[in-house]
Chemist: 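What follows is a single structure, and I will ask about it in a moment.
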Amino acid sequence: MTAGMNEKDMARRAAAEIGDGYYVNLGIGMPTLVLDYVPADKLVFFHTENGLLGMGGFAQKGETHPDLVDAAKQPVTCIQGASFFASDISFAMVRGGHIDLAIMGAYQVSEKGDLANWTAPGMLPSIGGAMDIVAGVRRIIVMMTHTTKDGRPKIVKKLTYPVTGYGCVSMIITNLCVLDVTGEGLVLKELAPGVSAHDVINSTGAALIIPEKP
Amino acid sequence: MTAGMNEKDMARRAAAEIGDGYYVNLGIGMPTLVLDYVPADKLVFFHTENGLLGMGGFAQKGETHPDLVDAAKQPVTCIQGASFFASDISFAMVRGGHIDLAIMGAYQVSEKGDLANWTAPGMLPSIGGAMDIVAGVRRIIVMMTHTTKDGRPKIVKKLTYPVTGYGCVSMIITNLCVLDVTGEGLVLKELAPGVSAHDVINSTGAALIIPEKP
Amino acid sequence: MVNKVYKSSAEAISDVKDGAVIMFGGFGLAGIPQNLIRALYKKGTRNITVISNNPGSRLGDNEYGLAPLFKEGRVRKFIGSYPAATKSFKELYDAGMVELELVPQGTLAERIRAKGSGIGGFYVKTGAGTLLAEGKETRAINGEQYILEYPLEADFAFVKAYKSDRCGNLVYRYTGANFNPLMAMAAAVTIAEAEEVVDAGELDPSTIHTPAIFVDRIVKGERYDRWYE
Amino acid sequence: MVNKVYKSSAEAISDVKDGAVIMFGGFGLAGIPQNLIRALYKKGTRNITVISNNPGSRLGDNEYGLAPLFKEGRVRKFIGSYPAATKSFKELYDAGMVELELVPQGTLAERIRAKGSGIGGFYVKTGAGTLLAEGKETRAINGEQYILEYPLEADFAFVKAYKSDRCGNLVYRYTGANFNPLMAMAAAVTIAEAEEVVDAGELDPSTIHTPAIFVDRIVKGERYDRWYE
């Protein structure tokens with residue numbers, strides 16, 4: 001598929017949601033690409049739930065330390081002004097509503113903003129910090145491919161996978177579009193280059209509100 | 001009264017209950033005298049609930065610091081191996097059962113080991129850490145005069161003052177004697193010099209168990 | 001870029017309104033935000049709810065810290081563990097001029113931490129069966145009586161650090177920490193005064209007591225009184 | 001005087017019995033008590049309940065940390081947040097050879113802290129309405145759904161510090177703290193390994209992460225592997 005956004009485009013789009021001075025948690029995988037797209041005039045503190053506020057980026061060979069990793073257990077660096085702390089404080093930040101924004105992957109998102117991203121039938125259930133994050137972080141953006149590898153919609157009327165959290169997602173960024181989750185339903189906010197509203201509707205398992213000029 | 005123990009004698013007696021390696025909380029007032037009677041061959045960490053483990057003693061002129069005080073808000077010093085921490089950790093130590101021993105003053109103790117030491121009719125109610133301490137510290141020793149200034153018993157069948165905690169006191173050290181609080185009742189463990197069992201019985205508002213050789 | 005550093009204590013607290021609920025760090029006089037308290041006194045803010053371990057401290061014949069706010073009748077309600085620390089509080093209380101919510105010290109710390117940590121409530125043995133448990137739910141857990149305590153929240157926390165960096169990372173010294181790190185987590189707006197304000201990167205990130213995320217405003221304290229010889 | 005310092009990891013864990021419930025600090029491989037884990041493996045202890053964020057870590061084709069204990073069938077039950085960290089766990093789980101209690105990471109930290117802090121239970125929103133809330137009490141607080149969580153306890157905590165003094169005061173470095181300070185508070189017996197063991201007074205008392213009261217035994221770790229280039 002040549003139309004639409006690739007992972008880097010999606011990360012760039014997600015980064016645009018980050019304000020100056022934000023404290024941001026990035027999920028494992030695709031969301032970590034967002035690190036590369038924060039403009040230099042913004043001071044952003046990236047939180048990793050294993051106990052670091054102010055993650056710099058992935059550590060290069062020779063600058064790794066066995067006790068300095070991110071939530072994906074990868075060696076990372078930290079910025080000036082960073083802090084390290086125990087897991088209870090880390091989740092106080094999360095559950096206590098101190099983190100401004102989390103950008104996460106998902107298996108499914110419902111039209112009400114319900115999120116499924118922790119387990120699926122046949123999978124070893126594993127949760128990490130995902131349920132804490134959706135319960136406490138002020139705003140949740142999901143960043144994912146619009147459909148599964150075999151073309152089934154991941155944006156659905158009702159979740160069929162086990163729920164991570166109810167009504168927690170505010171925005172969905174996919175390779176096809178950007179959707180806002182509102183009290184009225186899913187609003188098509190932006191289309192990716194070369195993608196039509198029709199393409200999005202065809203790939204989506206829930207009703208969409210299409211403003212006159214999306 | 002010349003018979004009986006004075007405050008220093010009582011402090012020395014209380015100090016004998018402290019084992020090597022103990023973590024000990026001392027109440028405000030008379031119990032702080034215990035600091036002076038810990039033998040040099042024992043390493044004891046004194047806990048002050050405002051956030052210090054390893055209090056040394058009262059600070060002399062010239063060695064005070066406005067941010068280094070004990071639970072009575074007096075300037076103190078700390079020993080090598082001391083640590084400072086926030087109030088939540090301090091009370092985790094207390095409530096979580098980590099403190100071996102607390103030595104406290106009291107207005108009244110019942111024959112069941114119920115303790116009243118926080119307020120009395122007409123008094124401004126003020127609690128500090130006393131209720132947390134009796135709820136969590138492994139062993140509570142009360143150190144007090146046997147009677148009130150006007151001669152009324154402080155050791156009673158049932159408390160008449162508001163309760164700090166139920167069944168929490170293990171031992172009572174007074175100017176007249178040492179009592180153990182047991183499942184059977186108050187046992188006269190030791191008599192102060194020049195004091196008879198009869199003297200103790202006359203000054204006590206609860207039944208006492210007098211072993212054959214007290 | 002976001003600047004958290006304010007020029008003066010007065011500027012840092014300029015939007016505190018009458019009726020505000022304010023947490024004040026400190027135990028006795030250790031770790032009290034003395035410059036922010038002085039600025040609040042000068043500003044004349046009234047009808048305050050004070051959450052603090054004690055309502056000021058008495059040394060000899062003088063009373064310090066929060067005591068002047070109480071004496072001037074600026075405080076509607078005190079939530080704390082040790083009101084007996086000042087004569088001025090007792091006088092106001094006996095005269096029915098101030099409301100008191102008495103909370104055991106450990107429960108006070110934990111209720112504040114709960115708010116900052118997104119804990120909706122918790123059970124403690126502290127106070128079970130006493131006057132301070134009146135009106136509170138109880139529950140037997142493993143055969144022992146616990147009472148249910150709820151979080152304490154505030155519009156502002158005034159805290160005092162030894163050092164802050166320009167991001168708002170705080171370190172405390174000696175027993176100056178006490179309630180400060182907990183209150184910093186719990187209020188809608190946290191204002192920190194520090195003896196020194198340093199650049200980002202000057203504090204060892206493994207020794208930060210209060211991470212910057214909990215601190216909204218920073219000011220270098222104008223004056224630090226010492227009360228003991 | 002009381003001596004908490006043991007000569008070897010083997011000596012420090014010599015009384016750990018089959019069937020023990022053990023908390024292991026560490027997240028991924030950061031801050032894991034690798035020497036104590038190796039000693040436990042050599043000792044051959046069986047039927048262990050492991051409380052840890054993850055059951056070891058996979059790097060390339062190899063698995064480290066707790067993974068060998070699982071592979072050898074020494075673990076009866078795993079309580080943690082991220083069992084998917086190793087292939088070996090999945091194989092055992094699929095074969096019905098190990099029990100799993102899955103706990104969200106923040107709730108795991110808080111349940112451990114609760115035990116160490118004398119909290120009988122607490123309410124969180126985390127997991128409300130999900131599979132992980134099944135069988136748990138719920139309560140509406142300020143119009144939101146919370147679930148009741150209880151403390152987690154253990155016979156032993158194996159923790160890893162950067163430095164310990166001879167009294168047992170611990171400091172951690174970078175993300176090596178994670179669950180270690182919480183587990184140190186929660187177990188009946190806490191055994192700490194440290195990269196360096198120093199004399200009392202050598203650590204700044206205002207920068208201690210785990211006060212000595214929470215630590216029963218100390219050992220200087222024999223060998224520290226680095227897993228990353």
Side-chain angles (χ1 to χ4, degrees), chain B residues 28 48-52 55 59-78 82 84-97 114-116 118-119 122-136 161-168, chain C residues 26-32 34 53-54 57-59 80-85 89-90 93-94 100 102-110 112-113 124-133 144-146 160 162 172-182 195 209-210 224-229:
Chain B
I28 291 174
T48 71
E49 58 263 38
N50 55 316
L52 163 58
M55 179 177 53
Q60 303 301 310
K61 273 190 190 178
E63 61 173 15
T64 67
H65 189 286
D67 280 347
L68 181 34
V69 301
D70 70 0
K73 289 106 177 175
Q74 297 301 309
V76 294
T77 62
C78 66
F84 296 100
F85 34 81
S87 301
D88 63 327
I89 299 292
S90 189
F91 283 91
M93 293 175 187
V94 167
R95 252 191 337 250
D114 302 340
L115 172 69
W118 70 286
T119 196
M123 206 172 159
L124 172 65
S126 225
I127 181 66
M131 278 190 190
D132 309 279
I133 287 168
V134 303
Y161 283 17
V163 179
T164 309
Y166 292 94
C168 55
Chain C
F27 181 96
L29 298 170
I32 61 166
Q34 49 177 291
N53 186 67
N54 44 284
S57 266
R58 186 172 179 80
L59 285 181
S81 90
Y82 208 74
F89 184 87
K90 180 165 167 49
Y93 182 75
D94 287 345
L100 169 63
L102 188 64
V103 185
Q105 195 179 147
T107 298
L108 182 65
E110 197 67 16
I112 296 167
R113 180 190 177 276
V124 287
K125 284 190 276 183
T126 307
T130 74
L131 287 178
L132 296 190
E144 294 197 87
Q145 277 303 112
Y146 286 75
K160 188 264 178 175
Y162 169 39
Y172 309 97
R173 192 173 38 173
Y174 309 139
T175 54
N178 56 70
F179 289 89
N180 283 298
L182 309 169
E195 294 180 41
H209 294 116
T210 292
Y224 284 97
D225 287 349
R226 295 183 60 103
W227 299 276
Y228 315 109
E229 289 174 29

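Computation of the quantities below employed the complete heavy-atom set of this structure, encompassing side-chain atoms and omitting hydrogens, waters and symmetry-equivalent molecules. Labels below follow one simple rule: chain letters A, B, ... track the order of the sequence lines, proteins then strands, and each chain is numbered from 1.
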Chemist: Sort out for me which of B:Val163, B:Asp67, B:Leu68 touches chain C most, counting heavy-atom pairs under 4.5 Å.
Modeler: B:Asp67

Chemist: Counting only heavy atoms closer than 4.5 Å, note whether C:Val124 contacts chain B via side chain, backbone, both or neither.
Modeler: side chain

Chemist: Please tell me if the side chains of C:Gln105 and B:Phe91 come closer than 4.5 Å, counting only heavy atoms from C-beta onward.
Modeler: yes

Chemist: Side-chain contact test, heavy atoms from C-beta onward, threshold under 4.5 Å: evaluate it for B:Met93 versus B:Phe85 and give yes or no.
Modeler: yes

Chemist: Report the option among C:Gly176, C:Ala177, C:Ala109, C:Pro104 that has the most heavy-atom pairs separated by less than 4.5 Å from atoms of chain B.
Modeler: C:Pro104

Chemist: Which bit of C:Asn53 comes within less than 4.5 Å of chain B, counting heavy atoms only: side chain, backbone, both or neither?
Modeler: side chain

Chemist: Relative to chain B, which segment of C:Gln34 carries a heavy atom at a distance below 4.5 Å: side chain, backbone, both, or neither?
Modeler: neither

Chemist: Using only atom types and a distance under 3.5 Å, with no angle test, would you say the side chain of B:Asp70 pairs donor to acceptor with the backbone of B:Ala72?
Modeler: yes

Chemist: For the interface with chain C, which of B:Pro125, B:Ala71, B:Ser90, B:Gly51 has the highest count of heavy-atom pairs at distances below 4.5 Å?
Modeler: B:Pro125

Chemist: Side chains of B:Ser87 and C:Asn178 only: does a donor on one sit below 3.5 Å from an acceptor on the other?
Modeler: no

Chemist: Once rounded to the nearest 0.5 Å, what's the spacing between atom NZ of C:Lys160 and atom OH of C:Tyr172?
Modeler: 10.5 Å

Chemist: So what's closer than 4.5 Å to chain C heavy atoms on B:Val94: side chain, backbone, both or neither?
Modeler: neither

Chemist: Rounded to the nearest 0.5 Å, what separation is found between the CD1 atom of B:Ile127 and the OG1 atom of B:Thr119?
Modeler: 8.5 Å

Chemist: Considering only heavy atoms, which portion of C:Tyr93 lies under 4.5 Å from any heavy atom of chain B: side chain, backbone, both, or neither?
Modeler: side chain

Chemist: Go through B:Ala135, B:Gly129, B:Ser126, B:Ala82 and name the one with the most non-hydrogen pairs under 4.5 angstrom from chain C.
Modeler: B:Ser126

Chemist: Identify which part of B:Thr164 has an atom lying under 4.5 Å from any heavy atom of chain C, answering side chain, backbone, both or neither.
Modeler: backbone

Chemist: Determine whether B:Met123 and B:Tyr161 make a side-chain contact, defined as any pair of heavy atoms from C-beta on separated by less than 4.5 Å.
Modeler: no

Chemist: Measure distances from C:Leu100 to the heavy atoms of chain B and classify the residue's part below 4.5 Å as side chain, backbone, both or neither.
Modeler: side chain

Chemist: For C:Arg226 versus B:His65, what's the shortest heavy-atom pair and its separation?
Modeler: NH2-CA, 3.9 Å

Chemist: If every non-hydrogen atom of B:Phe84 is compared with every non-hydrogen atom of B:Cys78, which pair is closest and at what distance?
Modeler: CZ-SG, 3.9 Å

Chemist: Measuring heavy-atom distances to chain B, does C:Arg173 have an atom under 4.5 Å in its side chain, in its backbone, in both, or in neither?
Modeler: both

Chemist: Out of C:Ala84, C:Gly31, C:Pro83, which one racks up the most heavy-atom pairs below 4.5 Å with chain B?
Modeler: C:Pro83

Chemist: Chain B heavy atoms under 4.5 Å from C:Leu182: which part of the residue, side chain, backbone, both or neither?
Modeler: side chain

Chemist: Could you report the tightest heavy-atom contact between B:Val69 and B:Val76, atom names first, then the distance?
Modeler: C-CG2, 3.7 Å

Chemist: Is B:Glu49 close to chain C through its backbone or its side chain, or both, or neither, when contacts mean heavy atoms under 4.5 Å?
Modeler: both

Chemist: Taking every heavy-atom pair that is under 4.5 Å apart, which of B:Thr48, B:Ile133, B:Leu124, B:Val134 has the most such pairs with chain C?
Modeler: B:Leu124

Chemist: With a 4.5 angstrom heavy-atom cut-off, could you sort out which part of C:Asn54 is near chain B: side chain, backbone, both or neither?
Modeler: side chain

Chemist: Within the structure provided, determine whether B:Trp118 and C:Leu132 are in side-chain contact (heavy-atom separation under 4.5 Å).
Modeler: yes

